[in-house]
Amino acid sequence: MEVEEEVRRIVEQVKELNDSATSFVSSSSHEELSLRKRSSLVDASITRLHSTLLSDKHHDPKLLDKAFFSSLSLSLLEEDLQRARCMLADGDTCSFLPSKPQGRFVRMFLGPLNVRASRKDIQLKVKEEYNSYRDRTALLFLVFPAILLTLRSYVWEGCLPAFPVQLYQAWLLFLYAGLAMRENILRANGSDIRSWWIYHHYCAMAMALVSLTWEIKGQPNCVQKQKGVRLFLQWAMMQGVAMLLQNRYQRQRLYTRIALGKAKRMDVVWGETAGVDGQLLLLCPILFTLQGFEAYVGLQLLRTALTGVVGEWQVLICGILLVVMAIGNFINTVETLMVKSRFKAKIKRSKSRAELD
């Protein structure tokens, strides 16, 4: 009898608990809907005010020439709007903002699953995991080809075996697929990653996949036939050095911008972004040299395929992809530097007008 009463009591408690949970979910759903509407209205207002400031700046130049403080006021208002946008995106309100559409790459692997995190701490964990993944892979990007080239010179008598090179290409396929997946998820959670860097990883995935089917022939004429492979491994070492420098220096700059309210906590270091002035002197020559060497490797592969030295179609496709990635990286690096230059010139003009005023 005591056991029967205990079971009945437990059943009643479960029913009451379910009723309470249903009532809570219903009330929280109404509150969530209200917060989503208010968040969308505020976000739309920020966008509208930003467009108004831009139109005033471009369509009323005479007024700005007559009043020195007008340009300064517009700049200050733009900074205030940017801080408001960052506060909106960095706070708990971000989970109630309209989410960006998920990329086809994520839907292809995960289906229609929503990958937007509902809590800010979970979003930041996703970003930190992405940064850790970049740090780990940058070191492997440098070490793996260095080991292959060293063994080629001292153990394999100048001729690379097929298996270790294909193992490296398989790792590259895994690396770029992981980066593309993480970056798509970060964009869905409010990050500012440019679309090109994700497309760049798609191209790199395609190149790694094609390279897996590339028959790396040995003797005779091993040195001539494997010239493209050797150049690619040397480029990969340079890429590893550039990634290590970017991860170290540019992340410090990003933390500074976040502290100043000029960037969001979910923003990440872009693939070829520039840091402060001292870092530009170090990074820019490395980045442009890397992009030039990438284009050179691609052209060498194209020449090898077109002259008939190595007639496989894989060589032609890899050469085209390398040239496309080099051109895209160069264009986006130049655009990033131009944005930085315009931003610094804008700050300089604002300071000079303030001093005149």
Answer yes or no: is there a side-chain heavy-atom contact under 4.5 Å between [X] and [Y]?
X: L179; Y: R134; value: yes
X: M237; Y: V241; value: no
X: T137; Y: F144; value: no
X: Q169; Y: L173; value: no
X: V11; Y: K15; value: yes

Considering non-hydrogen atoms only, spot the tightest contact between [X] and [Y] and give its length.
X: L290; Y: M238; answer: CD1-CB, 3.6 Å
X: P161; Y: V165; answer: O-CG2, 3.5 Å
X: A180; Y: F105; answer: CB-CE2, 3.9 Å
X: L212; Y: Q166; answer: CD2-O, 3.2 Å
X: V126; Y: L186; answer: CG1-CD2, 3.9 Å
X: L148; Y: W156; answer: O-CZ3, 3.8 Å

So, taking the atom named [atom1] in [X] and the one named [atom2] in [Y], what distance separates them when rounded to the nearest 0.5 Å?
X: H200; Y: L321; atom1: NE2; atom2: CG; answer: 10.0 Å
X: C318; Y: L302; atom1: SG; atom2: CG; answer: 10.0 Å
X: L322; Y: Y296; atom1: CG; atom2: OH; answer: 13.0 Å
X: M205; Y: F174; atom1: CE; atom2: CZ; answer: 11.5 Å
X: L172; Y: L209; atom1: CG; atom2: CG; answer: 12.0 Å
X: R187; Y: I185; atom1: CZ; atom2: CD1; answer: 13.5 Å

Checklist entry - Under the 3.5 angstrom rule, does the side chain of T22 hit a backbone N or O of N18 as a donor-acceptor pair? => result yes
Checklist entry - If only atom types and distance count, is the side chain of Q314 paired as donor or acceptor with the main-chain N or O of T213 below 3.5 Å? => result yes
Item to check | Joint cluster assignment, L17 & V7, ILVMFWY side-chain distance < 4.5 Å | outcome: no
Next on the checklist: Could you walk me through whether E128 and K125 satisfy the side chain to side chain contact (heavy atoms under 4.5 Å, CB included) test, starting with their C-alpha distance in whole Å, then the side-chain angles of each, then the deciding distance to 0.1 Å, before giving a yes or no?
Outcome noted: CA-CA 5 Å; E128 289 303 319; K125 285 181 181 178; 5.6 Å; no
Checklist entry - Ring centroid separation for W235 and F232, is it under 6.0 angstrom? => result yes
Next on the checklist: Parallel, tilted or perpendicular, judged at 30° and 60°: which one describes the rings of F141 and W171?
Outcome noted: perpendicular
Checklist entry - Are N329 and W197 close enough that a side-chain donor and a side-chain acceptor fall under 3.5 Å? => result no
Checklist entry - Residues in salt bridge (Lys or Arg N to Asp or Glu O under 4.0 Å) with R230, at least two apart? => result none
